[in-house]
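What you are looking at is a predicted structure, and each value in this text was computed from that prediction instead of being measured.
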Amino acid sequence: MKLFKLRGGVHPEGRKASSADTAIRILSLPPQLYVPLQQHVGAPAKPVVRVGERVLAGQLVGVGQGNVSAPVHAPTSGRVVAIGDHPAPHPSGLPAATVTIEPDGEARWFEYEVPVDPFALAPDDIAARVGAAGIVGLGGATFPSAVKLNLSRKSGVGTLIINGGECEPYLTCDDRIMRERAAEIVTGIRLIQHAVGAPCALVGIEDNKPEALDAMRQAASGTDVQIRAVPAMYPMGWDKQMIQALLGREVPAEGRSADIGVLVHNVATAWAVQQAICRGRPLVSRIVTVSGGAVAQPGNLEVPIGTPVQALFDASGGFLSTPARLVLGGPMMGHQLAHTGVPVVKGSSGVLALTQAEIGLTRPAPCIRCSSCVRACPVGLLPLEMAARIRTDDLAGADALGLKDCIGCGSCSYVCPSSIPLVHFFNYAKGELMAQARSKMKQEATRKLADERSARMERIAREREEAAAARKAAKAAKEAAAKAAEQSEATA
C-alpha cells in the first residue's frame with residue numbers, strides 16, 4: 001500500500017529503549033485511589049455514591065452528564081472515604097471533584113452482562129456499551145469514544161484508522177500493549193469497525209517498532225484488518241498526520257476526520273473496547289510509561305485509575321537523582337507536574353522524571369528568521385510570523401495566519417536555533433482569544449437581555465397607555481350614553 005508524503009515534522013531523539021524492552025508489570029494497589037470526576041472532554045461526571053458506601057471493582061461511581069461526557073468507575077473494591085476536592089493532574093495543581101476510595105484488597109468485580117457473540121450485537125448496542133464503560137480516547141485526546149462511534153456511523157465513515165504511532169520521546173505504552181495484547185486489540189478494532197460500518201480498517205504503526213508490527217500482523221492474519229508501517233517521525237501520533245500518511249487526504253481547517261469519511265482511534269482505546277464488550281470490564285486501568293533519566297527502573301505499568309503518581313515512581317525503583325522536571329505525558333505535548341501527589345487519569349500515557357541535562361534549558365535569543373519552524377510545522381503554518389504578531393499584541397493578525405489550526409505539537413520550538421518557546425506564545429494567544437470570545441459572548445448576552453428588558457418595558461408602557469385610553473374611551477362612551485338617556489327622558 002502506497003504511503004503519502006507528509007508536511008513538516010521533526011525527528012527528536014527517541015529515548016524509548018529503556019522502557020520498551022521490559023514487559024508490562026501490574027502495579028499493586030496504593031492505600032487510597034483518587035478518582036477524578038473529570039477525566040474526559042465535556043461535562044464532568046456526577047457522583048452516584050456516598051461516603052462510607054462499599055463499592056466493587058468496575059462499579060459506577062460517577063454518571064456522565066450531557067451529550068458529551070463519560071462515566072467513571074471504581075478501579076477496585078473498597079470503601080468510599082471521601083467525595084470532594086483533590087489536586088488534579090494539571091500544571092496549576094488546583095483541586096478537582098474527586099471520589100476517594102480505600103481498597104479492601106479483595107478486588108471483587110461488579111458483574112456486567114457479557115454477550116455470547118459480541119459481533120452479533122447491533123451497532124447501537126456496541127456504542128452504548130462503550131459509553132457505559134467510560135471509554136475515552138487513550139491517545140491523549142480523552143474524547144468520549146461512544147460519541148465518536150455514533151457520529152461516525154451517522155456520517156457514513158468509510159475508513160477506520162487505528163493509530164499506533166506513539167511518536168513522542170520516552171513513551172512506549174502503546175508499543176508494549178501491541179506486543180503483548182495484539183489479539184485483544186485486533187478484536188477491539190473489528191468491534192469498532194462493526195459499530196460504525198466501516199468497510200476498511202487500517203492500523204498505522206511507526207517503522208521503528210518491528211516487534212509491535214510483527215505481533216499485530218500475526219494477530220490480524222485471517223481478518224480484513226490491515227497493518228501498515230509508517231515513517232517514524234513526530235508528530236505521526238497526530239490523527240490528521242496519520243490520515244495524510246495512509247490515505248493522502250487532508251482534513252479541512254477546523255474540521256474533523258469524519259468530514260472526509262475517516263474515524264481514528266488509538267490502539268489502547270481498541271483494547272479497552274475489547275475489554276468492555278467481551279469481558280464486561282469498564283475502563284478502570286491503563287498502561288503508563290514511567291521513564292526519564294532520574295528514574296531507576298524505567299518501564300511500563302498497568303495502573304489503576306486514581307493511583308498517585310508517586311506510587312509509579314516508587315514501583316520503578318525511585319529516583320537516581322532529584323528530578324529537574326516532572327512531566328505527565330510526553331516531553332513534547334505533556335505538561336509539567338507540580339508534585340507527585342496527583343492521580344493517574346484515563347489520559348495519562350506516561351509520567352517522566354527528567355534530569356537537568358535532559359530538559360536542557362537555554363535562554364532564548366532573537367529570531368534570526370531562518371524559517372526552520374516553517375519547515376517543521378506539520379500544519380503548514382508560519383510560526384515566526386504568528387509569534388511576531390503575538391509579541392505586539394496583534395492577536396487578530398496571528399489568528400488570521402491560522403493560529404487556531406496550531407496543534408501545539410512543539411515541533412517549531414524543538415527546531416528553533418534561538419530556543420524561542422514558540423508554542424508557549426501560541427498557547428497564550430489561543431487562551432487570550434478564547435477569553436475574548438467568552439467576554440464578547442457575555443457582552444452580547446448582556447446586551448440581548450438589556451434589549452429584551454427595554455422591549456418589555458416599552459411593551460408594558462404601551463399596554464398601560466392602551467389600557468388607559470380604553471378606560472378613558474369606555475368612560476367617555478358611558479358618559480355619552482348617560483347624557484343621551486337624560487336628553488331622551490327630558491324630551492319625552
Side-chain angles (χ1 to χ4, degrees), residues 6-16 89-91 139-142 163 165-174 206 231-242 244-245 266 289 291-293 324-337 347-365 367-368 370-391 398 401-433:
L6 297 172
R7 178 195 297 119
V10 295
H11 295 84
E13 184 180 352
R15 305 194 178 193
K16 295 175 179 283
H90 185 270
T142 67
N163 195 335
E166 195 170 46
C167 53
E168 283 236 38
Y170 296 96
L171 300 185
T172 58
C173 53
D174 286 349
E206 285 186 313
M233 62 177 295
Y234 181 85
M236 184 57 74
W238 179 38
D239 58 352
K240 295 181 181 180
Q241 193 88 332
M242 185 65 75
Q244 180 73 28
N266 174 263
T289 300
S291 190
R325 179 179 296 170
L326 298 172
V327 177
L328 185 68
M332 302 292 282
M333 296 188 71
H335 56 256
Q336 188 170 350
L337 290 177
S348 304
S349 55
V351 288
L352 310 179
L354 304 178
T355 63
Q356 186 67 45
E358 288 174 303
I359 61 177
L361 291 176
T362 305
R363 291 180 62 85
C367 174
I368 60 174
C370 64
S371 76
S372 295
C373 57
V374 177
R375 292 191 295 272
C377 180
V379 187
L381 303 178
L382 300 171
L384 73 169
E385 296 294 343
M386 293 194 301
R389 282 158 176 76
I390 294 168
R391 284 194 186 95
L401 290 173
L403 176 65
K404 291 178 182 176
D405 290 321
C406 170
I407 63 171
C409 67
S411 295
C412 54
S413 300
Y414 179 80
V415 299
C416 179
S418 297
S419 300
I420 300 172
L422 292 162
V423 74
H424 293 285
F425 280 97
F426 307 147
N427 290 338
Y428 158 77
K430 284 187 279 189
E432 284 295 303
L433 287 171

Q | Cys409 side chain near Trp238 side chain, heavy-atom distance below 4.5 Å | A | no

Q) Is there a donor-acceptor contact under 3.5 Å from the side chain of Lys16 to the main chain of Pro169? A) no

(Q) When you measure from the side chain of Ser411 to the backbone of Gly9, do you find a donor-acceptor pair of N or O atoms at a distance under 3.5 Å? (A) no

Q.
Are there over 12 heavy-atom neighbours, none belonging to His335, within less than 6.0 Å of that residue's NE2?
A. yes

(Q) For a 4.5 angstrom cut-off between non-hydrogen side-chain atoms, does Phe426 reach Pro383? (A) yes

**Q.** Asn266-Asp174 side chain donor-acceptor pair, cut-off 3.5 Å
**A.** yes

Q.
If you compare all heavy atoms of Glu166 against all heavy atoms of Leu171, which two are closest, and at what distance to 0.1 Å?
A. CD-O, 3.4 Å

Q.
What's the separation between atom SG in Cys377 and atom CG in Asp405, rounded to the nearest 0.5 Å?
A. 9.0 Å

**Q.** Point-to-point distance, once rounded to the nearest 0.5 Å, from NE2 of His90 to CG of Leu337
**A.** 11.0 Å

Q.
I'd like to know whether Lys404 forms a side chain to side chain contact (heavy atoms under 4.5 Å, CB included) with Lys430, so could you lay out the CA-CA distance, the side-chain angles of the two residues, the decisive distance to 0.1 Å, and finally the verdict.
A. CA-CA 7 Å; Lys404 291 178 182 176; Lys430 284 187 279 189; 5.7 Å; no

Q: Grab the two heavy atoms, one from Val374 and one from Leu382, that are nearest each other, plus how far apart they are.
A: CG1-CD2, 3.9 Å

Q) Only one of Cys373, Pro421, Pro378 clears side chain to side chain contact (heavy atoms under 4.5 Å, CB included) with Cys412; which? A) Cys373

(Q) Restricting to non-hydrogen atoms, name the atom on Pro417 and the atom on Ile368 that form the minimum distance, rounded to 0.1 Å. (A) CG-CD1, 3.9 Å

Q: Heavy atoms only: give me the nearest His11-Tyr414 pair and the separation to one decimal.
A: O-OH, 4.0 Å

Q. Are side-chain heavy atoms of Glu168 and Pro12 found at a separation under 4.5 Å?
A. no

Q. When rounded to the nearest 0.5 angstrom, what distance separates CG in Asn427 from SG in Cys406?
A. 6.5 Å

Q | Stepwise side chain to side chain contact (heavy atoms under 4.5 Å, CB included) check, Val423 with Met332 | A | CA-CA 10 Å; Val423 74; Met332 302 292 282; over 6 Å; no

Q | Val327 side chain reached by Tyr170 side chain, heavy atoms, under 4.5 Å | A | no

Q) With side chains defined as the heavy atoms from C-beta onward, is the minimum distance between Leu6 and Met236 less than 4.5 Å? A) yes

Q) For residues 350-360, which residue pairs qualify under salt bridge (Lys or Arg N to Asp or Glu O under 4.0 Å), counting only residues two or more places apart or in two chains? A) Arg15-Glu358

Q. Under the 3.5 angstrom rule, does the side chain of Ser291 hit a backbone N or O of Leu352 as a donor-acceptor pair?
A. no

Q) From Arg375 CZ over to Cys370 SG, what is the distance, rounded to the nearest 0.5 angstrom? A) 6.5 Å

Q.
If I compare all heavy atoms of Ile407 with all of Met333, which pair ends up nearest, and what's the gap?
A. O-CE, 3.2 Å

Q.
Could you report the tightest heavy-atom contact between Leu401 and Leu381, atom names first, then the distance?
A. O-CD2, 3.8 Å

